[in-house]
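To keep things clear, I will list the structure first and then write my remarks on it.
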Amino acid sequence: MADLKKFAEDLVNLTVKEVNELAEILKTEYGIEPAAAAVAVAAGPAAAEAAPEEKTEFDVILKSPGSAKLAVVKAVKELTGLGLKEAKDLVDGAPSELKKGVTKDEADALKKQLEEAGAEVELK
């Protein structure tokens, strides 16, 4: 019983880095994936406060039109509402910001459509 109490005390006093290392060992060596909440609890209240805030707005960046430039220009025109010349100029100027401050779902949908047209896209 005393050994378990000591073990529990050691777990509670782990640093965030040590908790992350423990989680990685459990995952790679034993196939156990601890839930994020359990990791935060094990790390103590300071870790929960230090957790980064989840991002809610994203910018869609066209990194490169890839090899299918015409298809990408058409997709950019359709997705942004720009004219053909403006869309072409935006694609020619890659890397270019296509949309700013969109939701995660909208950003993912835009990224998927542009990648299907052949573009390289990044979400920031």
Side-chain angles (χ1 to χ4, degrees):
M1 182 74 162
D3 288 339
L4 287 177
K5 240 182 175 176
K6 170 80 171 101
F7 178 68
E9 185 177 311
D10 289 343
L11 281 176
V12 170
N13 291 320
L14 290 175
T15 65
V16 173
K17 182 180 178 188
E18 291 169 330
V19 170
N20 289 333
E21 289 172 2
L22 175 61
E24 185 62 30
I25 291 168
L26 290 173
K27 180 179 170 186
T28 57
E29 294 188 21
Y30 302 99
I32 299 170
E33 295 212 32
V39 172
V41 169
E49 292 170 12
E53 201 173 296
E54 189 172 326
K55 194 170 179 178
T56 58
E57 290 188 348
F58 295 83
D59 299 336
V60 180
I61 310 296
L62 174 67
K63 289 175 62 176
S64 162
S67 60
K69 184 176 169 184
L70 182 58
V72 173
V73 169
K74 288 180 181 178
V76 167
K77 178 184 179 298
E78 179 184 312
L79 295 171
T80 61
L82 294 172
L84 187 58
K85 182 184 180 334
E86 291 84 6
K88 181 186 177 299
D89 290 345
L90 196 65
V91 171
D92 286 342
S96 307
E97 185 178 88
L98 297 180
K99 292 256 182 165
K100 188 173 182 152
V102 297
T103 65
K104 174 74 171 143
D105 290 341
E106 185 180 356
D108 286 339
L110 290 168
K111 183 176 191 249
K112 181 180 177 189
Q113 286 179 287
L114 289 162
E115 286 178 342
E116 286 174 354
E120 269 186 70
V121 181
E122 175 182 13
L123 303 181
K124 284 191 175 188

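Residues take their numbers from the sequence shown, with the count starting at 1.
- Other residues, nucleotides and ligands place no more than 12 heavy atoms under 6.0 Å from the NZ atom of K74.
- Salt-bridge formation is not detected for the pair D108/K112: no Lys NZ or Arg NE/NH1/NH2 atom is positioned less than 4.0 Å from an Asp or Glu carboxylate oxygen.
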Check residues 114-124 and write down every donor-acceptor pair under 3.5 Å in which the side-chain atom is one partner and the other belongs to a residue at least two apart or another chain.
from: E115; atom 1: OE2; to: K111; atom 2: NZ; distance (Å): 3.2

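- At a threshold of 4.5 Å between side-chain heavy atoms, the hydrophobic network of Ile, Leu, Val, Met, Phe, Trp and Tyr places L84 and L70 in two separate groups.
- Residues L79 and V60 fail the side-chain proximity criterion, which asks for heavy atoms closer than 4.5 Å.
- Contact between P65 and A94 at its shortest, heavy atoms only, is CD-CB, 4.1 Å.
- In this structure a side-chain-to-backbone donor-acceptor pair under 3.5 Å is missing from S96 to L98.
- For residues 81-90, the set of pairs meeting the salt bridge (Lys or Arg N to Asp or Glu O under 4.0 Å) definition, not counting sequence neighbours, comprises K85-D89, K88-D92.
- Once rounded to the nearest 0.5 Å, the distance linking CG of L110 with CD1 of I61 reads 11.5 Å.
- Between L90 and L82 the shortest side-chain heavy-atom distance falls below 4.5 Å.
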